[in-house]
Number of protein chains: 2
Amino acid sequence: MAQISLHRPFPAAEVPQWDYETDVAVIGFGATGACAAIEAAGHGARVIIFERNSGSGGASGLSGGEIYIGGNGGTDVQRAAGFADSTEDFTAYLKAAGGPCVDEAKCDLYGREALNHFAWLKARGVPYRGNYLPGKHIEPTDDSTLIWSGSEAAAPFCELAKPAPRGHVIQHKGWGGGRPLVDVLEASARANGVEIVTDARALALIGDGDHIVGVIVRIDNQPRYVRTAKGVVLATGGFAFNEAMRRKYCPETFKLNDPIGDKDDGAGIEMGVGAGGDAVHMDQFFTTCPWTMPESHAYGVFVNTKGQRFINEDCYHGRVSRCSVDQPDGKVYLLLDNAHFVQPMDFARMSIAATGDSWEEVEGELELPNGTLSATMEVYNRHAREGRDPLFDKRPPILTPLDQGPFVALEMNFFSSYFSFFTLGGLRTSTDGEVLDRTGAAIPGLFAAGRCTSGLPAWGHGYSSGLSLADCTFFGRQAGRKAAAG
Amino acid sequence: MAQISLHRPFPAAEVPQWDYETDVAVIGFGATGACAAIEAAGHGARVIIFERNSGSGGASGLSGGEIYIGGNGGTDVQRAAGFADSTEDFTAYLKAAGGPCVDEAKCDLYGREALNHFAWLKARGVPYRGNYLPGKHIEPTDDSTLIWSGSEAAAPFCELAKPAPRGHVIQHKGWGGGRPLVDVLEASARANGVEIVTDARALALIGDGDHIVGVIVRIDNQPRYVRTAKGVVLATGGFAFNEAMRRKYCPETFKLNDPIGDKDDGAGIEMGVGAGGDAVHMDQFFTTCPWTMPESHAYGVFVNTKGQRFINEDCYHGRVSRCSVDQPDGKVYLLLDNAHFVQPMDFARMSIAATGDSWEEVEGELELPNGTLSATMEVYNRHAREGRDPLFDKRPPILTPLDQGPFVALEMNFFSSYFSFFTLGGLRTSTDGEVLDRTGAAIPGLFAAGRCTSGLPAWGHGYSSGLSLADCTFFGRQAGRKAAAG
């Protein structure tokens with residue numbers, strides 16, 4: 001008898017019995033799986049979700065519940081706040097955010113469809129207060145809706161697309177809107193007749209020639225055989241918790257110590273590749289350190305261990321963090337003056353590395369040569385007083401002189417400070433969620449979406465909050481609908 | 001009938017006739033394929049090499065013919081030059097050069113065996129003059145043997161392993177020792193009874209269940225079926241000439257315009273993955289710009305478009321170049337004073353971006369803000385006069401003040417200057433050259449070596465000249481021997 005393995009489909013001819021029969025099996029019950037299931041059921045398919053945990057959630061349930069939405073003149077929330085967001089600008093931003101890893105077809109489609117997707121989410125019952133919260137926020141601490149959640153207003157993105165805030169956050173007091181978002185989606189899935197089987201971990205796909213015709217799941221410590229008349233949708237997340245995969249495909253993440261997700265072990269990527277799929281951009285990851293909290297710290301200046309700036313600090317906190325991780329010696333410094341310094345958040349695990357009544361004193365306390373950090377800050381402050389940053393094009397109001405001593409350098413160590421991360425590489429899929437083989441052809445019966453695929457958030461340096469949930473929810477729907485079409 | 005495809009083994013049961021029967025088929029006739037064939041034949045196997053071109057060579061034939069060798073107290077050449085190279089130091093350097101992508105088992109094995117490998121090469125007839133050529137050279141312009149070919153003497157490598165020169169170059173007047181190296185290996189292969197079939201491009205592996213039992217090659221426009229009693233050795237090189245693969249796995253290379261190699265289209269990687277193999281570190285690539293020619297330019301200082309240094313310029317030219325390509329805005333500047341400037345080589349396509357009687361003038365001509373590049377050079381020169389570089393730990397004699405005007409900034413554009421590149425990611429193999437599947441198990445009958453694998457030169461930022469040919473020749477032999485053992 002064939003072995004049951006993530007790494008190759010189990011032969012249908014050797015299945016001892018069919019324990020479940022359905023049209024579509026969805027593997028994983030985060031936002032991706034929920035949306036795939038809702039859409040498949042809505043298009044007439046019998047659907048079962050199999051989830052390894054005892055309930056829904058996944059990495060989505062641990063997120064902020066923020067979805068990146070715009071285009072077509074803007075959502076009602078954007079328009080009420082004065083932002084007429086064109087499809088051209090929205091799509092151009094999506095493509096810039098994808099950088100060298102961009103999937104242009106996915107950007108084009110989502111650019112056209114995001115407003116319809118927002119309407120769909122609201123129709124499912126996702127609540128939005130509808131207001132705009134200006135300023136720099138990682139997530140709203142109240143129940144506000146619309147925030148700036150990327151690098152839209154910062155160079156070079158603002159030159160490529162007219163800026164607009166596009167992070168749409170579920171109405172929910174405080175952080176952690178991902179949990180209620182998944183709850184709403186779960187309720188919608190149940191209302192649509194989706195069957196949900198928890199404590200059921202996927203072990204292998206089942207193949208019949210070139211077709212995927214089912215999946216094996218472990219339930220009560222037994223393999224159970226699921227026949228899918230139409231398709232399997234992989235919605236299993238990335239591989240931030242799989243050290244062997246990280247070592248082979250994304251070793252830069254070993255600089256970091258705080259994977260986020262919920263057992264994201266890459267199983268869906270392995271199953272997809274084992275079925276002939278193509279895993280792309282596997283070296284890409286998102287990371288961020290919550291350095292913009294308190295908000296006054298957003299006005300700080302980053303330097304590396306050579307006393308050099310390396311980024312326009314007005315861009316997205318995750319872009320600053322990702323560029324930080326490219327710097328040498330495993331750490332960077334956030335420089336602040338007395339007008340902007342507040343004790344950093346404990347959970348960020350940032351410490352004070354140096355203080356001084358002048359930048360020269362801070363430089364000396366960091367044991368940097370004379371004329372390095374102090375020259376950096378002299379150039380920065382001289383131009384900030386003129387409202388410009390000729391080196392990195394940081395812009396007002398975040399661009400402001402840091403010249404009111406005393407001064408401080410906060411140390412951010414990639415490994416010991418809180419740099420959360422998750423992986424962005426994964427299966428290559430069509431805009432319909434079909435898993436593509438290495439020639440670009442769809443693998444019959446196999447679909448995938450979310451972080452087990454490479455999608456809208458393809459490039460760590462371009463990530464913006466809400467891109468991953470946009471990708472999960474929208475392309476989850478695409479995959480579910482296409483699977484239902486058989 | 002099944003399709004003939006790189007992407008999955010063709011079923012043995014559907015082979016219409018066997019056109020060739022052999023023990024071992026080697027695909028590709030560069031240094032890797034030649035060494036695999038010699039070793040397989042030397043261990044009693046019938047061997048046929050299939051080469052898509054009309055003769056041997058591959059990327060190896062276009063190389064400098066330099067092989068990275070050391071350890072066990074040093075080669076005769078190293079010892080004669082006063083370098084007692086311990087296995088510990090040699091191995092530690094190999095591991096540092098592999099960085100986050102290192103394959104420790106390969107480093108350990110080659111660290112122990114490199115001297116025996118050198119003896120083997122000499123026994124095959126590879127000639128070495130036996131002398132040591134001090135200084136900074138990309139390749140010797142005479143027929144010298146031993147050169148510094150990596151970052152051994154530069155930080156941080158010199159702190160991790162006692163430095164020694166380890167680049168061993170075939171005796172050959174001028175550049176281009178790769179061609180005579182392959183000629184010697186070809187003669188050895190022929191003398192060992194290896195059959196050579198040229199104008200024969202591999203189209204697909206042939207599989208029988210889990211075993212690879214042959215290969216299909218196109219000869220005279222017809223598919224020809226090759227039965228291998230013992231194994232197929234893939235020796236087909238990287239994917240620098242496959243734009244679709246670069247886009248999916250290594251998009252950073254699109255900053256560059258000069259792939260090097262000989263039709264390296266990744267076919268072996270595709271065949272290996274199609275047979276269940278695992279392609280790792282696919283984002284890694286080597287690049288270099290010949291900026292150390294003329295040699296006085298090796299004393300220059302690199303700055304990015306912000307006027308910042310970013311590397312100790314005394315490390316390997318390829319490491320400087322690779323770090324350059326990480327800098328923003330698509331270009332860097334090489335700063336020189338009158339004591340060191342000579343007209344750059346035409347083929348490097350570097351141009352003079354600015355000149356001045358002071359670094360302030362150069363700064364102004366580059367339209368950089370006052371106090372950027374000039375501050376960088378003030379700090380650099382002040383410490384260089386004391387023989388130290390507190391920022392990047394560049395060391396004498398390459399560390400020297402650049403203070404004799406007039407001054408010049410040479411512009412190196414990643415895309416329009418000559419930045420040669422080739423890819424480093426590929427199949428994951430055992431130290432015996434077995435192609436490993438995603439669980440780490442060997443795929444029966446399938447072997448690989450050289451740049452269709454991820455091996456000693458795993459990390460672009462750590463590449464050193466001679467690492468790739470060391471990997472190709474040594475692990476080519478390993479693969480050939482293991483294949484012959486059946």
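Note that this is a predicted model, so its numbers are computed, not measured. Note on naming: letters A, B, ... go to the chains in the order of the sequence lines (proteins, then strands), and numbering restarts at 1 for each one.
Per-residue heavy-atom pair counts under 4.5 Å with chain B were compared for A:Pro390, A:Gly371, A:Pro369, A:Gly274, and the maximum is reached by A:Pro369.
With sequence neighbours left out, B:Ala375 forms a side chain to side chain contact (heavy atoms under 4.5 Å, CB included) with A:Ala375. In terms of the ring-ring contact (aromatic ring centres under 6.0 Å, His included) criterion, residue partners of B:Phe419 (sequence neighbours excluded) are, by chain and number, B:Phe414. Legend: residues meeting side chain to side chain contact (heavy atoms under 4.5 Å, CB included) with B:Ile4, ordered by chain and number and at least two apart, are B:Phe10, B:Leu203, B:Ala204, B:Ile216, B:Pro223, B:Tyr225.
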So which donor and acceptor atoms of chain B and chain A come within less than 3.5 Å of each other?
from     : atom 1 : to       : atom 2 : distance (Å)
B:Arg8   : NH1    : A:Asp210 : OD1    : 2.7
B:Arg8   : NH2    : A:Asp210 : OD1    : 3.1
B:Asp210 : OD1    : A:Arg8   : NH1    : 2.7
B:Asp210 : OD1    : A:Arg8   : NH2    : 3.2
B:Lys248 : O      : A:His281 : N      : 3.2
B:Lys248 : O      : A:His281 : ND1    : 3.1
B:Lys248 : NZ     : A:Asp278 : OD2    : 2.5
B:Lys248 : NZ     : A:Arg438 : O      : 3.4
B:Tyr249 : OH     : A:Asp278 : OD1    : 2.4
B:Tyr249 : OH     : A:Asp278 : OD2    : 3.1
B:Tyr249 : OH     : A:Arg438 : NH1    : 3.3
B:Glu270 : OE1    : A:Arg438 : NE     : 2.5
B:Glu270 : OE1    : A:Arg438 : NH2    : 2.7
B:Asp278 : OD1    : A:Tyr249 : OH     : 2.4
B:Asp278 : OD2    : A:Lys248 : NZ     : 2.5
B:Asp278 : OD2    : A:Tyr249 : OH     : 3.0
B:His281 : N      : A:Lys248 : O      : 3.2
B:His281 : ND1    : A:Lys248 : O      : 3.1
B:Lys306 : NZ     : A:Leu391 : O      : 2.7
B:Gln308 : NE2    : A:Arg309 : O      : 2.7
B:Arg309 : O      : A:Gln308 : NE2    : 2.7
B:Asn370 : O      : A:Arg382 : NH2    : 2.8
B:Arg382 : NH2    : A:Asn370 : O      : 2.9
B:Leu391 : O      : A:Lys306 : NZ     : 2.8
B:Arg438 : O      : A:Lys248 : NZ     : 3.4
B:Arg438 : NE     : A:Glu270 : OE1    : 2.5
B:Arg438 : NH1    : A:Tyr249 : OH     : 3.3
B:Arg438 : NH2    : A:Glu270 : OE1    : 2.7

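Nearest heavy atoms, A:Pro100 versus B:Pro251: O-CB, 3.2 Å.
Contacts between A:Leu368 and chain B at a heavy-atom distance below 4.5 Å involve the side chain alone, from C-beta outward. In this structure, chain A has a heavy atom under 4.5 Å from the backbone of B:Ala279, while its side chain stays farther away.
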